[in-house]
There are 2 protein chains.
Amino acid sequence: MSKRNAILASATRLFSRNGFQGTAMAELSAITGAATGTIFHHFKNKEDLFLNVLNDVKQSILDQFDRHQQTRRDQKGLEMVEGVVTFYLHLAGTMEDQFLLLHRHFPFKMAETSPVCRSHLESIYTCLLDIFEEGIQKGLQDGSVAVDSPRKTAMVLFAMVDGIVRLNTYRVYDAGALYDSLMVACRRLLTKGR
Amino acid sequence: MSKRNAILASATRLFSRNGFQGTAMAELSAITGAATGTIFHHFKNKEDLFLNVLNDVKQSILDQFDRHQQTRRDQKGLEMVEGVVTFYLHLAGTMEDQFLLLHRHFPFKMAETSPVCRSHLESIYTCLLDIFEEGIQKGLQDGSVAVDSPRKTAMVLFAMVDGIVRLNTYRVYDAGALYDSLMVACRRLLTKGR
DNA sequence: TAACCAACCGAATGATCGGTCGGTTTTTTT
DNA sequence: AAAAAAACCGACCGATCATTCGGTTGGTTA
């Protein structure tokens with residue numbers, strides 16, 4: 001692996017676990033074996049380094065969901081949404097650092113001053129919400145879903161799923177056994193009566 | 001207001017908006033007009049200062065919900081839960097800094113090494129979940145709520161409501177008009193069919 | 001081979017940080 | 001009023017931080 005990629009990989013872990021200000025370039029240097037001068041040769045400063053990390057996070061998350069979506073063309077809407085929720089929970093486990101990064105505060109603060117940062121975050125959340133909404137729209141047509149506003153429902157649904165992932169990350173409670181309840185809630189939220 | 005309280009008030013704002021490492025004692029000194037020596041006279045170090053801030057946050061949140069609960073003795077379970085959700089959204093607006101603090105990452109990281117910090121966080125989340133669960137339990141008895149596991153449902157419900165507050169805080173999207181959809185989702189989640 | 005260039009190095013720098021300390025002022029107690 | 005205690009002050013300190021810079025290396029091109 002090139003030094004540049006090694007730096008990006010370690011930076012992702014450090015930024016997500018220790019935050020922006022909690023990540024020291026000297027520590028990153030020690031972990032990757034790259035001199036501090038090398039880091040600043042590849043990235044013009046710390047913020048630029050994080051922006052590149054965030055870009056990688058965006059790419060990998062978008063890739064994962066694109067690939068997932070292509071395998072779910074022939075399902076009913078409700079099943080699609082349930083599949084997306086399950087996949088989201090799965091990804092939150094396999095791409096722990098990337099999801100942790102999105103649960104931190106500093107990227108959203110940086111987005112207030114950095115248009116590039118804001119653009120990355122918007123791409124990620126737009127993609128996620130679009131996928132939820134797509135399933136809901138399809139479900140409205142095939143009758144498996146009954147809701148008023150697809151977009152708003154997608155946002156509430158996303159807030160719920162992501163909220164569970166957050167509860168699980170912080171381990172204030174054992175939210176591990178919560179996935180079944182989450183799926184039940186998901187189905188209730190999308191269907192009418194019965 | 002005493003210097004000590006002025007320090008606590010400003011520290012709450014700075015910690016919640018700029019994070020732990022992003023809050024400089026010199027800045028806190030400048031804002032409050034207290035010399036840095038004075039700050040360290042009242043609090044033995046930066047972490048101790050934050051622990052006192054968190055304690056205040058805990059007290060005020062617990063007080064608010066205790067007072068709210070006393071006015072809702074004679075309602076049906078479902079109405080109680082809906083009232084709590086509305087009150088939670090209301091508080092997230094009036095106590096913005098306190099809720100923002102709980103949405104940051106560093107208190108949970110500190111909880112891994114500081115039992116005091118962990119205790120405060122547990123008190124807050126236990127209180128909130130208990131209140132949700134209480135309403136659900138009551139609803140199960142009076143028939144206004146139909147769910148399998150009250151505790152798990154309370155956690156999913158809390159994750160959903162808190163997730164919406166988070167979406168609103170970070171303003172990636174205008175989640176302001178989402179409260180109606182949230183209440184609909186809340187009702188669907190708690191009731192069976194019709 | 002000579003010239004070039006991107007990747008790489010690590011000591012040095014100036015700014016900033018949390019925390020200390022010796023002292024003064026204000027309040028409380030006796 | 002005298003003494004004791006608590007609140008308060010700000011210059012100072014050592015550590016740490018992001019970033020710079022002059023120089024080396026190794027591969028590619030002319």
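Chain A is the first sequence line, chain B the second, and so forth, proteins listed ahead of strands; every chain is numbered from 1.
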Distance below 4.0 Å between [X] side-chain N/O and [N] OP1 or OP2:
X       : N     : result
A:Thr38 : C:dA7 : no
B:His42 : D:dA6 : no
B:Lys3  : D:dC9 : yes

Rounding to an integer number of Å, can you tell me how far [X] [atom1] sits from [N] [atom2]?
X       : N      : atom1 : atom2 : value
A:Ile39 : C:dG10 : CD1   : C1'   : 12 Å
B:Phe20 : C:dC17 : CZ    : C1'   : 12 Å
B:Lys44 : C:dT20 : NZ    : P     : 11 Å
A:Gln21 : C:dT16 : CD    : C1'   : 12 Å
B:Glu47 : C:dC17 : CD    : C1'   : 16 Å
A:Asp48 : D:dT19 : CG    : P     : 10 Å

Counting heavy atoms from C-beta on, name the nucleotide in [options] closest to the side chain of [X].
X       : options               : value
B:Phe40 : C:dG18, C:dA7, D:dA7  : C:dG18
A:His41 : D:dT19, C:dA7, C:dG19 : C:dA7
A:Lys46 : D:dT19, D:dC9, C:dC9  : D:dT19
A:Asn45 : D:dT19, C:dC8, C:dG19 : D:dT19

Between B:Lys138 and B:Glu134 (salt bridge meaning N to carboxylate O under 4.0 Å), is one present in this structure? no

Could you check whether A:Thr36 gets within reach of a base, just the sugar-phosphate, or nothing at all, counting any heavy atom under 4.0 Å? base

Does A:Gln64 CD have over 12 foreign heavy atoms under 6.0 Å away? yes

Pairwise side-chain contact, A:Val116 with A:Asn55, heavy-atom cut-off 4.5 Å (strictly under): no

Contact list please: residues 22-32 of chain B against DNA chain C, heavy atoms, distance less than 4.0 Å, in numerical order. B:Thr23, B:Ala24, B:Met25

According to a hydrophobic-cluster definition based on side-chain heavy atoms being under 4.5 Å apart (Ile, Leu, Val, Met, Phe, Trp, Tyr only), do B:Leu100 and B:Met110 belong together? no

How about B:Tyr170 and A:His105: are their ring centroids closer than 6.0 Å? yes

A:His90 and A:Thr94: side-chain contact (heavy atoms from CB on, under 4.5 Å), yes or no, with the steps? CA-CA 6 Å; A:His90 166 72; A:Thr94 58; 3.6 Å; yes

Identify the heavy atoms of A:Arg4 and A:Phe43 that sit nearest to each other, and give their distance. NH1-CE2, 3.6 Å

